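A short worksheet on the structure shown next.
Both ligands and their constituent atoms are indexed starting at 1 by order of listing. In this text the structure is predicted, and so the values were computed from the model without any measurement.
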Amino acid sequence: MTKIVSLIGYPLKHSISPLFQQSAFDHCQLDIHYQAWETEPAQLSQVINHLRSPSVLGANVTIPFKQAVLPLLDRLDELAERIGAVNTIVNQGGKLIGYNSDAAGFLRALKEDGEFECRGKRAALLGAGGAARAAGFALLEAGVAALLIINRTLERAQTLAAALRGVAGRRGECPSIIVMPWEERGLKEALSSCHLLVNCTPLGMKHSPMEKESPLGRELISGDALVYDLVYNPERTPLLEEAERAGARTLGGLAMLVYQGAISFELWTGEKAPVSLMFEVARQAVRE
Ligand code: NAP
């Protein structure tokens with residue numbers, strides 16, 4: 001019987017996960033169909049319940065449901081529970097287990113593709129949504145000394161900072177975690193001392209009304225920093241162009257997307273993911 005893995009989010013039109021996940025299943029000769037299930041918020045609990053069917057191996061969860069699915073699952077993996085967000089669900093005999101592969105994907109890309117060592121460094125996050133939560137958590141786990149969270153809605157940044165301070169406190173660590181509103185005058189100075197700047201907003205994302213927008217102009221970007229844009233389409237985003245002009249090193253979001261997808265693949269199938277092939281398909285999809 002053909003098994004199903006679904007992608008649950010809204011909207012889903014521009015997601016490239018179905019392309020590289022299906023290619024990976026086919027490459028490994030697995031009889032699995034990856035299906036995009038565009039889901040209105042009101043249908044979420046019904047759709048999640050459907051994952052309990054024996055023909056379904058699990059799902060990926062994306063914007064805007066990474067936090068909303070938590071109470072609908074039977075169990076959370078320890079990491080997903082600590083982060084407070086789920087992007088992968090596994091159906092284990094009718095019980096739904098939630099995982100988070102975003103944090104590990106984020107870190108693997110930063111280390112391997114960005115050649116960045118986090119320990120003792122100062123990092124800034126632009127945004128305070130689901131991606132920023134996974135990134136902030138991963139950076140603390142990897143030993144950053146300071147985290148600056150900049151967000152349009154200040155309260156959301158404060159909520160994230162409080163959650164991250166809780167995580168750090170339980171580990172007996174006390175990195176500096178501070179919050180700044182986007183328009184703050186001291187932004188340039190605060191950013192100038194950061195070794196890493198991560199865009200966790202959708203600004204610059206292709207096919208969106210914000211596709212031409214960079215979250216920061218080059219005058220605010222330090223030439224000594226690594227600028228990591230989680231937006232993966234286009235590969236060279238407006239922020240990365242500004243960063244290049246400022247003389248900074250850059251890293252796009254495609255590697256994180258593929259690495260988090262590879263971890264999810266391994267959770268559903270128990271087999272090693274064909275990462276090079278997934279990269280190839282993902283890269284081709286964003287270049288079309
Ligand atoms: P989210 O939970 O909806 O959070 C979006 C964040 O962006 C919020 O902090 C929001 O600020 C901010 N934002 C949205 N529009 C803005 C605007 N016009 N001006 C300034 N700030 C704005 O989304 P998410 O799940 O964190 O995803 C964020 C981005 O990361 C998306 O582009 C997604 O594709 C990307 N992502 C990439 C990967 C990868 O593997 N490469 C993985 C996950 C996510 P407010 O709080 O003020 O609304």
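Considering only residues two or more places apart in sequence or on other chains, Phe137 meets the ring-ring contact (aromatic ring centres under 6.0 Å, His included) condition with none of them. For the salt bridge (charged side-chain N to carboxylate O under 4.0 Å, His left out) test, residues two or more places apart in sequence or in another chain that qualify with Arg218 are Glu242.
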List ligand 1's nitrogen or oxygen atoms that come under 3.5 Å of a protein nitrogen or oxygen, with the partner atom and distance.
| residue | atom | partner | partner atom | Å |
| --- | --- | --- | --- | --- |
| ligand 1 | 2 (O) | Gly130 | N | 3.0 |
| ligand 1 | 9 (O) | Ala128 | N | 2.8 |
| ligand 1 | 9 (O) | Asn151 | OD1 | 2.7 |
| ligand 1 | 11 (O) | Asn151 | OD1 | 3.3 |
| ligand 1 | 18 (N) | Arg152 | NH1 | 3.4 |
| ligand 1 | 26 (O) | Gly130 | N | 3.1 |
| ligand 1 | 26 (O) | Ala131 | N | 2.7 |
| ligand 1 | 40 (O) | Leu257 | N | 3.2 |
| ligand 1 | 41 (N) | Leu230 | O | 2.9 |
| ligand 1 | 41 (N) | Gly253 | O | 2.9 |
| ligand 1 | 46 (O) | Asn151 | ND2 | 2.9 |
| ligand 1 | 46 (O) | Arg156 | NH1 | 3.0 |
| ligand 1 | 47 (O) | Arg152 | NE | 3.0 |
| ligand 1 | 47 (O) | Thr153 | N | 3.1 |
| ligand 1 | 47 (O) | Thr153 | OG1 | 2.5 |
| ligand 1 | 48 (O) | Arg152 | NH2 | 2.9 |

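A distance-only check finds no donor-acceptor pair linking the side chain of Asp26 to the backbone of Gln29 [under 3.5 Å].
Follow the hydrophobic side-chain contacts under 4.5 Å out from Leu230 and you never reach Met210; the two are in separate clusters.
Residues Pro175 and Leu140 approach most closely at CG-CD2, 3.6 Å, considering heavy atoms.
Contacts classified as side-chain hydrogen bond (donor to acceptor under 3.5 Å, both in side chains) and involving residues 135-147 (residues at least two apart or in different chains) are given here: Arg82-Glu141, Glu141-Arg171.
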